[in-house]
Amino acid sequence: MSTSLKWGILGCGRISNDFVMGLQLVQGAHVVACASRDLSTAQTFGQTHDIATCYDTYEALCADPAVDIVYIGTLHTLHHPHALLALKHNKHVLVEKPIAMNEHQLSQIVAIAREKQLFLMEAMWTRFFPAVRRVRKLLKQGILGQIHCVKADMGFAFAANADRIWKRSLGGGGLLDIGIYPLAFVSMVFDEEPVHVHATGEISKDESVDIYAVVTLHIRV
Ligand SMILES: NC(=O)C1=CN([C@@H]2O[C@H](COP(=O)(O)OP(=O)(O)OC[C@H]3O[C@@H](n4cnc5c(N)ncnc54)[C@H](OP(=O)(O)O)[C@@H]3O)[C@@H](O)[C@H]2O)C=CC1
Ligand SMILES: O=C1OC[C@@H](O)[C@H](O)[C@H]1O
């Protein structure tokens, strides 16, 4: 059975570009529209990826009846309002990581998606790496035995002008941007929630965003 899904791309930045290139390899996926705050950005993006309709507002994209599912590739702080916008227009939604800034925002969008029976997912792509899928399978089969400790880490040297990483107002900081990957890995290994969390790290002096962190999760299995 082949399914056809018509995608709308909300935000025409760096990762949206990579995502659309990836979608070209997916059978049945068609990108029918894109939107940027700036029409010329949307048009350039549209020309690059052969997208028929380009909008200069996110609202217009979400209201487009030709769109089945909206991919949200804007900044961390905008994921929540943009997910709400797409859900309001009864679109399925795939949101870049982190899906929201906090639990309250997440609960809100999950509740609306459930109520409207719409698909909602965080684009935590590492969950689908073949190696990760294999580890999960081995764990489920009990082949690796009881796990006592998981160590996972990720680091990045971000450029000084990478505003979305360094500015608090844009949802900056390492934890939300890349710390989320090792934490997601741990949550893939254990089904249980941590009973205790201990974190230490460093906060930048100018913007108060986390520069690095070490997090210990105590999980009772
Ligand atoms: N899954 C993955 O591997 C990756 C995921 N990401 C995630 O994707 C998201 C976007 O990252 P990335 O593509 O690097 O970001 P970009 O800096 O390319 O910005 C993405 C879009 O956000 C909007 N935007 C940018 N700056 C502002 C601003 N100051 N105010 C309002 N809107 C703004 C723009 O939308 P417009 O086009 O309308 O102007 C822009 O196209 C992040 O949440 C990040 O965590 C990022 C990299 C890798
Ligand atoms: O998800 C990500 O992975 C790669 C990094 O470049 C980027 O900042 C981050 O958002």
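The figures here come from the full heavy-atom set of this structure, side chains too, leaving out hydrogens, waters and symmetry mates. Numbering of ligands and ligand atoms starts at 1, following listing order.
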_Proximal ligand 2 atoms for Y181, defined as those under 4.0 Å from one of its heavy atoms_ = 1 (O), 2 (C), 3 (O)
*Can you check whether T77 reaches M101 side chain to side chain, under 4.5 Å on heavy atoms?*
yes
*Heavy-atom contacts under 4.0 Å between Y55 and ligand 1: side chain, backbone, both, or neither?*
neither
*Specify the protein heavy atom at minimum distance from atom 13 (O) of ligand 1: its residue, its atom name, and the distance to 0.1 Å.*
I15 N, 2.9 Å
*H89 and D64: side chain donor to acceptor below 3.5 Å*: no
*Would you check whether P98 has a nitrogen or oxygen atom less than 3.5 angstrom from a nitrogen or oxygen atom of ligand 1?*
no
*Atom CZ of R168: over 12 foreign heavy atoms under 6.0 Å*: no
*Decide whether H79 and E122 meet the rule of one side-chain donor and one side-chain acceptor closer than 3.5 Å.*
no
*Residue, atom name and distance, where the atom is the protein heavy atom closest to atom 37 (O) of ligand 1*: C12 N, 2.8 Å
*Which residue owns the protein heavy atom closest to atom 12 (P) of ligand 1, what's the atom, and how far is it?*
R164 NE, 3.7 Å
*Below 4.5 Å, heavy atoms only, C-beta onward: do F45 and S16 meet side chain to side chain?*
yes
_Within the structure provided, determine whether I147 and L139 are in side-chain contact (heavy-atom separation under 4.5 Å)._
yes
*Closest by any non-hydrogen atom to atom 45 (O) of ligand 1: pick that one out of K97, H79, H82, K167.*
K97
*Report the nearest protein non-hydrogen atom to atom 29 (N) of ligand 1: residue, atom name, distance rounded to 0.1 Å.*
L170 CD2, 3.9 Å
*When the ring planes of F129 and W125 are compared, do they come out parallel, tilted or perpendicular, using 30° and 60° as the limits?*
perpendicular
_Exercise: do S36 and D38 side chains pair donor with acceptor under 3.5 Å_ = no
*Value rounded to 0.5 Å, distance of OG1 in T57 from CZ in R37*: 13.0 Å
*Check: T126 and M188 side chains under 4.5 Å, non-hydrogen atoms*: yes
*Measure F45 to ligand 1 on non-hydrogen atoms and call it side chain, backbone, both or neither using the 4.0 Å cut-off.*
neither
*Should G13 be counted as touching ligand 1, given the test is an N or O pair under 3.5 Å?*
yes
*atom 5 (C) of ligand 2: nearest protein contact (heavy atom, Å)*: F156 CZ, 3.7 Å
*Quick one: does T41 get an N or O within less than 3.5 Å of an N or O on ligand 1?*
no
*Working to the nearest 0.5 Å, report the span between NE2 of H92 and CH2 of W7.*
10.5 Å
*asked:* Less than 4.0 Å is my threshold; does some heavy atom of L78 fall inside it relative to ligand 1?
replied: yes
*Do me a favour and list the nearest non-hydrogen protein atom to atom 9 (C) of ligand 2 with residue, atom name and distance?*
D177 OD2, 3.2 Å
*Would you mind telling me if ligand 2 is within reach of the side chain of R14, the backbone, both or neither, using heavy atoms under 4.0 Å?*
side chain
*Can you say whether the rings of F19 and Y71 are parallel (under 30°), tilted (30 to 60°) or perpendicular (over 60°)?*
parallel
*Side chain or backbone of R164 under 4.0 Å from ligand 2, or both, or neither, by non-hydrogen atoms?*
side chain
_Within-cut-off N or O pair, S16 and ligand 1, under 3.5 Å_ = no
_Closest to atom 22 (O) of ligand 1 among T74, D38, I165, L61 (heavy-atom distance)_ = T74
*Check each atom of ligand 2 against the heavy atoms of K97 and keep those under 4.0 Å away; list them by number with element.*
1 (O), 2 (C), 9 (C), 10 (O)
*asked:* On a heavy-atom basis, I'd like to know which of R14, H76, R37 is closest to atom 43 (O) of ligand 1.
replied: H76
